[in-house]
Undergrad: 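Before I ask anything, here is the structure I am working with.
Residue numbering restarts at 1 for every chain, and letters A, B, ... go by the order of the sequence lines.
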Amino acid sequence: MSKWSLFFLLVPVAGVALFAVAEYTGWSLPPVQSTLGARMDHLYYVLLAITGVTFIFTQLAIAFLVYFYSKPRQGVQPVTTGGGALAMGLWFTVPLAGFALLLMVFPMPVESRLWMALSLSVGWPLMMSLLVIGRKARQKGAAMYMHGNTSLEVIWTIIPTIVFLGLAVYQMPLWEEFRYPRTKPADVMPVRVVGRQFEWRMVYPGPDGKFDTPDDLHIPNELHATKGKEVWVDLRAMDVLHSFFLPLHRVKQDAVPGLTIPVWFDSIQSTWEYQEGAADYAAEDVIDVTKLQTAVNDAKTPALAYLKETLKLPADATPAAVAKGLDDVLAKTDFYDASRFPDDTLSFEMRQLIGTKPAEKRLRLLNRKLLDITLADSVRPLGRHFDIVCAELCGWGHYKMKGRLFVHDTPEQLDEWLKTQYSLQGAVR
Amino acid sequence: MRYRFGVIAPLLLLFPLGCAKQFPADYAASKYTRGQITGEAGEAGAATFTPPAPIQAKIDQLLHEQYPPPWAWSDSEIASDPTKQSLRKGQQLYQKHCIHCHGLSGAGDGPTSASLVPRPRDFRRGIFKWKSTSSRAKPTREDLLRVLKEGANGTSMPPFMLMPADQLDALADYVVYLSKRGELERELLLVYSQEGSTEEELKKNGETLSDSDRDELIEVITETAEEKNETLTEAWETAKDFVVEPEETDVTLSDADAFEASVARGKELYLGSNSGCTKCHGVDGRAQTKLSGADSLDIWGNENAPRNLTLGLFRGGRRPVDVYRRVHEGIAGSSMPSQGSNPKLTKKDIWDLVNFVRVLPDRPEMLQAPAQSLGGVASQVTPGH
């Protein structure tokens, strides 16, 4: 029996290991993008630490008890007799070494992690209780039988109460700041977000600064903001319950028909900064090497002609090698200055990206985006954005109610965008 | 043990088989009644109009030659053909995002369509409502892209704002492809319906299709197919020439007084008898009316529902120019008439109406609900919600 306790101990060990490696394998929370979100993450990690530590020590204690108090089978030398000190020593060192080793476990899909966590939290305590109860039933005298111990009950009531109350008080300022904000900055741009199957309709008040006038600006699925500035959203729903969810900003708020619910958040990074961080090519960005080779060899545009010169693609090029080559090109070339792209192929945002001339530091991103256009279908486009989804799972998956938050670098850029939209929206011809 | 095996083995077999539906070899033939083809009022519950087998086979063959299903093309076949590549791409995207409402052949009969009000567009008529062109013309490519990007607010058509431009292009191409195919099919059936009877009708009358008749009909149909195809291609290509460009309005929002005066004039026009707006949209603008007679159904056979103008849901776009085009050209396929051809209204009058309609959702009190109105749900809905 005692050896089995070690075997079953592997289950909580694996559970903890999954959480430990999650940070390093990208299974954990996505990078936080708002100041309140950073504090929410902090709360999450505090809770994780408290529950994690409690979990580890409880599990070790249970296994420990089972190991030492189980009665050996007849004719088998009892494990605990004699060598108690050595066994005890191992008990305190091996689990620690085990945790360290498990930090190097290979990545696995998120779904399996969730399922394992679920089965662990339900299955393991159940199994352990059965083991202990079963042992007690068969081996009288091996463990002490206790019924009702007032001091113990007081202890295990008071300690969690203190912990929970402490947490409640600790998180209150954050909750208050998010839910009951008292100071709304004077220069904040109001925006109304209306959920409807299947779109998020962003309504800006228009040049007159007032809602519900004919110059209101309606933009489906695209919310615009400025880096470092607060966005105050009047959240509404038209038909059913929706849930306005910005995963990276840690904002999630239900939208209820008939109610206007205020939500606010800010953005630490602009969209360009966020994308710049992932502009490099990786092997998985190369969708089809053969297609890419054909495109480069045919060289129908100046950009592809340049690639043909610089990017020597062997006939048996691997995606990794191609990615490496493209990455070098990103770093060395300024595609735009070489006027390898006609302007009319570029979107408004691309022109803005080119227009901001501290573009030196965004050169990598710009090159990457221009290459994405040139090599369409053979490399994966850089689709990294601040997503807005409906957490009520509206539509098919999240797709139909997926929007995006576009964060500009400066207020001037946002104004420019708004101006363009106003003139489009007011079109009389 | 044997019982358990008997249950589990078939279940296990399902795994490799999967439950994916196989694509048919070609688009399904449309099921029209004779009345639907000729446009005459047919009897209710009329049978599907199916020409005799040799004729139907010829129609299928002609359609297949002109508009083969892109999913059936082999990879090598499309490798050197950019048009086919684009259509294949469009078809694949259509399959992912559109087919569940608009159906395999664009008939608006996908599995979701039954639960939608209004029903998804049936492309086969070649009639599109939300366009910048005159009411009989095809929409321009920009019109299709606009509806794709912004959706049709107030319907179940979602906006595909975030879809990359190349994908939107491919989808627009494929929608035109489906529309042309559907229109050609209708035309061929129409030609036959004028000349011949269905298999059933022949049987009932104890007649048979003689070989000479058959050959003659096939010839007529083949000729029609060629002609119609040319007309269709031209109609789509020249759509740009039919864009309705309003004369620029002299009233803008920045001139508040003039704008308010325009809105007031628009209200008078709306309520007046010259425009006839209240006939369907009601004196309260809530359109709590039920159309009767020829107006009750639109060209697709769905109920004609005049818009509640106080809701602020502009299906064809909310820009002033969009509303102008709706009022000026009417809505193709529905009973919304063209005010542009109304001799009692000037262009300036139409702009006044447009300004009034654009303001109405924000000031629903401008139109009083009539006394006998139940003050129903519509009047309680706050605009913008």
Undergrad: Can you give me the closest heavy-atom contact between A:F198 and B:P158, atom names plus distance?
TA: O-CB, 3.7 Å

Undergrad: Quick check: under 4.5 Å, non-hydrogen atoms only, which of residues 313-328 of chain B neighbour chain A?
TA: B:L313, B:R318, B:R319, B:P320, B:V321, B:R325

Undergrad: Is it the side chain or the backbone of B:T155 that comes within 4.5 Å of chain A heavy atoms, both, or neither?
TA: backbone

Undergrad: Please report the interatomic distance CD(B:E150) to CZ(A:R201), rounded to the nearest 0.5 Å.
TA: 7.5 Å

Undergrad: Roughly how far, to the nearest 0.5 Å, is the OG atom of B:S156 from the CD atom of A:E199?
TA: 11.0 Å

Undergrad: What is the distance from atom CG of B:L162 to atom CD of A:E222, rounded to the nearest 0.5 Å?
TA: 6.5 Å

Undergrad: If I measure from the heavy atoms of chain B, does A:I219 come under 4.5 Å with its side chain, its backbone, both, or neither?
TA: side chain

Undergrad: Rounded to the nearest 0.5 Å, what separates atom CZ in A:R196 from atom CG in B:N153?
TA: 4.5 Å

Undergrad: Shortest non-hydrogen contact from B:V359 to A:P214?
TA: CG2-CG, 3.5 Å

Undergrad: Hey, what do you get for CG (A:N221) to NZ (B:K149), rounding to the nearest 0.5 Å?
TA: 13.0 Å

